[in-house]
Amino acid sequence: MGCRSDRPRAVGAGTGIEARQFQAAGCTVLGVEPDERMAAFARRSGVEVEVARFEDWQPAGRQFDAVIAGTAWHWVDPVAGVTKAAHVLRPGGRLAPFHHVPQLPAQVIDALAEALQRVAPDSPFNPGLLRGSAVDAYQPLFAKIADGIRQTGSFSEPEQWRFTWERTYSRDQWLDQLPTFGGLTQLPEDKMAEVLDSAGTAIDKLGGHATMPYTSVVITAPRSHTA
């Protein structure tokens, strides 16, 4: 988007990682984040943040050119969230939740699956689903987002945009990120340590680093001028 004049609002701003990138592109960004601790961290890095669940947030008459959510829209009610987005977007403004989908090396997937089966067999996180195409595994989520956009009747037909890129992680970098995966955040410390040890061993066998191809998938639609 042409950010020099845009005013996006970041849903689920978290610590401001995505918001800072939009700011660097020239956008004026307002974050909405339900966790006060994350909001405080984002503010320290220069991101303006208001604390609220997006569905409950009060825009006070303000309108925006875009509503964005970086790997956060799955926490938002798929219909109530889109309804709120339609309320705060100018006609023609764009709703654009997106997710970064990593394609993990098979060795890392196998190590995670084995460790989770051992320490947390009831975990809802099943790394085995990522052995094929990770983007295909995420399609039910993307379909749910698109259906929520359609149900409001306030947007044009949603589109799916894809952008591919990759990042190489050292062993320590990957093990630092791994606990942030949604399916692992609730593991007790001792069980998390076992999962990290298994993943670290797998990365050691790859030479101490792992290159992760990513696909950034955006489910997006402009607000209808007649909504």
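Numbering of residues begins at 1 and proceeds along the displayed sequence.
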Is it the case that [X] and [Y] place a side-chain donor and acceptor less than 3.5 Å from each other?
X	Y	result
Q160	Q139	yes
H100	S216	yes
R162	T215	no

Student check: side-chain heavy atoms of [X] and [Y] closer than 4.5 Å:
X	Y	value
Q173	R167	yes
L116	L184	yes
V32	V11	no
D65	R90	yes
Y214	T164	no
I68	P97	no
E166	M212	no

Stepwise side chain to side chain contact (heavy atoms under 4.5 Å, CB included) test for F98 and E18: CA-CA 11 Å; F98 58 93; E18 306 284 7; 3.7 Å; yes
For R37, look at atom CZ and say whether over 12 heavy atoms of other residues, nucleotides or ligands are found less than 6.0 Å away. no
Should we count CZ of F41 as having more than 12 external heavy atoms under 6.0 Å? no
Can you check whether [Y]'s main-chain N or O pairs, donor with acceptor, with [X]'s side chain at less than 3.5 Å?
X	Y	value
Q58	A60	no
K84	W57	yes
R223	A86	yes
E55	D77	yes
S224	F155	no
Q107	A199	no
E36	P34	no
R20	T15	yes

salt_bridge(K144, D147) N-O dist < 4.0 Å: no
SB check D204 R171 (cutoff 4.0 Å): yes
Between E50 and R62, does a salt bridge (charged side-chain N to carboxylate O under 4.0 Å, His left out) hold up when you go through it step by step? CA-CA 13 Å; E50 297 180 4; R62 291 168 292 181; 2.8 Å; yes
To the closest 0.5 Å, what do you measure between [atom1] ([X]) and [atom2] ([Y])?
X	Y	atom1	atom2	answer
E194	D190	CD	CG	7.0 Å
S198	R118	OG	CZ	4.5 Å
T28	F22	OG1	CZ	13.0 Å
T83	I149	OG1	CD1	11.0 Å
L95	S156	CG	OG	11.5 Å
T220	I145	OG1	CD1	11.0 Å

Shortest non-hydrogen separation from [X] to [Y] and the atoms involved:
X	Y	value
P158	A221	CA-CB, 3.8 Å
W161	E159	NE1-OE1, 3.0 Å
R94	P222	NH1-CD, 3.8 Å
P102	A134	O-CB, 3.3 Å
A42	G14	CB-O, 3.7 Å
R131	A113	NH2-CB, 3.8 Å

Test log, rule salt bridge (charged side-chain N to carboxylate O under 4.0 Å, His left out), inputs E48 and R43: CA-CA 6 Å; E48 181 182 357; R43 291 188 191 111; over 6 Å; no
Single-linkage hydrophobic cluster [X]~[Y], side-chain heavy atoms < 4.5 angstrom:
X	Y	answer
M38	V29	no
L112	V101	yes
Y169	I17	no
V51	F64	no
L206	L175	yes

Aromatic ring centroids of H99 and W73 under 6.0 Å? no
What do the steps show when you test Y138 against V217 for side chain to side chain contact (heavy atoms under 4.5 Å, CB included), and what is the final call? CA-CA 10 Å; Y138 273 76; V217 180; over 6 Å; no
